[in-house]
Amino acid sequence: MNGQQTTAQFSTFNFQLSIINHQRLSHRYFLIGLGLISLVAYTLFFCALSLIRGYPISYWQFPLAGVFMLITQFFAARYFFDKDALKPFLRSAVILLVLSSLSVFLANAIYDVSSEGQAYHQELTAHLKNGFNPYLKILPAPDEDTVPSLTYLGINHSAKGVEITEAAIYRLTGHIESGKAVNAMVLIASFCLCLSLLYKLNRFSTARTWGIAALASFNPISIAQLTSYCSDGVMASVFLCLFVLFCLIFLEHNKNYSYLLGFLIMISVNIKFLSLIYTAVFCAGFLLILIMRKNRALCKRVFYACLISSLLGVFFIGFHPYLTNLISTNQPFYGLTETRNEISNLRPSPIRATSRFATFFLSLTSYSDNQASDKSSVTGTIKFPFSINRQELLHANEPALKMAGFGPFFSGALLLSIALLGLIAYSSSKEIIFKTGLAALGIILLSVFIIPDSWWARFVPQLWLVPVTILFLSELLSLSRGRILNLLLYVVIGLNVVWAFTGIFYNILISAQIRYQLAQLKTISRPISVEYPAGRPFKSNHIRFDENNIHFIEKKAEGQYIYSVIHSSTRFGSAERLPDLPKPFLLRVNEKIRGGDRD
């Protein structure tokens, strides 16, 4: 009898110890997520403060934000670990410094080869770094632009919170590609916050905890844009952080969660116009759930946190563009009409004549393609849900993929999710967890369908969370039936993540091509002539030449030899032929995959 009591006591002790360890792990990962998000938010805040006062973005904003990040970390560590806070604080501080430095290093090592990144975002970031202050003045369009181009409409009138933060990093390092580090920082933060939530729940094995966190945070939009200046991936990661934080607040509300909520809202309302609308929907939806749960005290605290951070984000940090647009044009979202027209023109031909919901359905069920212009009819774009072809593999490195942008297996993941949700509803429809999860799914889908361009995955990156949320619910409710469906959903979602990561591999190979071409240009003694095409020129390409001390003149490309910049529409002319240099390993691999030298 005594032996049985001892065994029971020992089991209880082990269980309690496991809970304590998981709670400590949850706090540690929360500190890392909080640190990375606060680093971005503080940088944006200090840059906005400087710009409003008439000072340009300088080298000190990002390091000062790092100091404030560490101060925030210290007080958060004291809250979670009390008297034992020093060791967790020092550990998280070292990890944060390593992660932020590594993010900058890796971002600088891979070139942005996206069309939008080179034509618009890099151009904007360079202007900000070089002293342009959008809070106080308008950047004049080039003389050749008889009608204001979308590039300069965006530079002068769009939200640019991400680009301002990127410009601060660029100003510090002197290398434009390093600004993309913001993408990795926010992505890592979302992953760590997912781990924090899952460890706090203490319901899953370590493998499932890390697996669910990876599937949730490695959104194909975030991965595809990780090496580009496009901002939709940042939006996806920030929204995931927001959803995870809402779950943490449900479990336990504390002041550190309020601080993080404020940081996230400050960032999200300034990513782009669309993100302001999404943020309002998500916060209103969360508050509505709290009201339905009759948790008025928590609802009141969250409401004030959302209100204060929204006011700070829109009227202080977002003084440009929201108030500057309102003052100068009487429209806070000036330029949105022109952007909508361009999106309409970019719609792939097979789906141009279809309705909003039909277009959305066709985009999800088609091949992962950028145009689908080779398809003669709508039915030609539809494919079998679990299939993939070679062209879809090659399109993995396209950060703004128009058709089936979440990956070739996403339609299959949605089918499995719907079936799994049916099983969950059948067995757990009365559970409060199921009802709350169903409300969360409703909020996500509402945010997707309130915009007319939900067919383009980059504009609705939160759609990725639908199958992930259903998978999470099936694990949380310990669904006895449908374990095969559960396992298949893990695999299919994971295959989309793997597909997205192949795009980074392709970008590494393309970067090797670019470095090789730059090495060739360094050997030329005479200046080259650089020509930008009409339409949306990639004028930011000149920064590569400047950083590599390559002499050039911006004029019509002329000379005996005319070349194209790798993965760009920019051309350059030279009186000398580019020499053949020893080709690095990655360049030889790229030539084998692409079948020779193809830009």
Side-chain angles (χ1 to χ4, degrees), residues 103-123 125-126 166 169-170 173-181 183-184 223-230 394-400 501-524 527-533 536-552 554 557 561-574 576-599:
S103 297
V104 171
F105 174 78
L106 293 177
N108 193 54
I110 305 176
Y111 283 94
D112 180 2
V113 297
S114 66
S115 297
E116 184 173 328
Q118 296 180 81
Y120 166 56
H121 294 284
Q122 280 196 20
E123 183 81 0
T125 304
E166 291 167 339
I169 298 174
Y170 175 25
T173 64
H175 298 284
I176 191 167
E177 299 296 339
S178 63
K180 306 192 303 289
N183 299 348
I223 301 302
Q225 297 189 3
L226 192 61
T227 58
S228 85
Y229 264 94
C230 298
L394 295 178
H395 287 146
N397 73 324
E398 173 53 57
F501 271 106
T502 61
I504 294 182
F505 173 68
Y506 290 146
N507 284 346
I508 291 173
L509 298 182
I510 294 169
S511 295
Q513 271 188 296
I514 293 172
R515 281 191 290 271
Y516 180 77
Q517 187 180 68
L518 292 172
Q520 289 177 307
L521 287 170
K522 287 181 182 180
T523 65
I524 295 178
I528 60 173
S529 56
V530 177
E531 177 185 355
Y532 307 111
R536 299 192 75 182
F538 295 0
K539 290 189 176 180
S540 62
N541 290 159
H542 75 85
I543 300 172
R544 297 179 188 173
F545 301 142
D546 289 331
E547 291 183 2
N548 287 274
N549 298 314
I550 296 168
H551 301 291
F552 66 96
E554 293 183 344
Y561 301 96
I562 305 295
Y563 299 93
S564 293
V565 172
I566 299 296
H567 236 269
S568 169
S569 59
T570 303
R571 302 194 313 156
F572 63 90
S574 172
E576 305 173 40
R577 183 179 180 275
L578 292 182
D580 292 326
L581 302 176
K583 294 183 178 181
F585 172 74
L586 287 176
L587 185 59
R588 296 196 300 271
V589 171
N590 185 45
E591 290 179 352
K592 288 182 179 180
I593 292 177
R594 300 285 178 173
D597 289 315
R598 292 189 302 171
D599 296 346

Contact between Asn108 and Thr173 at the side-chain level, heavy atoms closer than 4.5 Å - yes or no? no
Check: Ile543 and Tyr170 side chains under 4.5 Å, non-hydrogen atoms: yes
Could you pull out the closest heavy-atom pair between Asn541 and Ser568, with the gap in Å? OD1-OG, 2.5 Å
Taking the side chain from Asn507 and the backbone from Val113, do they hold a donor-acceptor pair closer than 3.5 Å? no
So, using salt bridge (charged side-chain N to carboxylate O under 4.0 Å, His left out) as the criterion, who are the partners of Glu177 when residues are at least two apart? Lys180
Counting only N and O atoms by type, is there a donor-acceptor contact under 3.5 Å from the side chain of Arg577 to the main-chain atoms of Tyr561? no
Nearest heavy-atom pair of Pro579 and Thr523: which atoms, and what distance? CG-OG1, 3.1 Å
Which value, rounded to the nearest 0.5 Å, describes the distance between Gln517 atom CD and Leu578 atom CG? 6.5 Å
Which residue, Phe545, Tyr516, Tyr563, forms the side-chain contact (heavy atoms from CB on, under 4.5 Å) with Leu521? Phe545
Drop me the distance from His121's NE2 to Ile176's CD1, to the nearest 0.5 angstrom. 12.0 Å
Between Gln118 and Asp112, does any side-chain donor sit less than 3.5 Å from a side-chain acceptor? no
List the atom of Ser511, the atom of Ala109, and the distance in Å for their closest heavy-atom pair. CB-O, 4.3 Å
Do Glu554 side-chain atoms and Tyr532 backbone N/O form a donor-acceptor pair below 3.5 Å? no
What distance separates Glu547 CD from Leu518 CG, expressed to the nearest 0.5 Å? 9.5 Å
Closest heavy-atom pair, Ala184 versus Ser103, reported as atoms and distance to 0.1 Å, is CB-OG, 3.7 Å
Is there a side chain to side chain contact (heavy atoms under 4.5 Å, CB included) between Tyr506 and Thr227? Walk through the geometry before answering. CA-CA 11 Å; Tyr506 290 146; Thr227 58; over 6 Å; no
Are any non-hydrogen side-chain atoms of Arg544 and Tyr111 less than 4.5 angstrom apart? yes
Separation between NE2 of His542 and CD of Glu123, rounded to the nearest 0.5 Å: 6.0 Å
Would you compute the distance between atom OG of Ser115 and atom CZ of Phe538 and round it to the nearest 0.5 angstrom? 4.0 Å
Any side-chain heavy-atom pair of Ile510 and Asn397 under 4.5 Å: yes
Rounded to the nearest 0.5 Å, what separates atom CD1 in Ile550 from atom CD1 in Ile528? 6.5 Å
Locate the shortest heavy-atom distance separating Pro533 from Ser569; write the atom from each residue and the value. CG-OG, 3.1 Å
For Ser228 against Ser114, the heavy-atom pair lying closest together: CB-OG, 3.6 Å
Backbone N or O of Asn183 within a donor-acceptor pair of the Glu166 side chain at under 3.5 Å? no
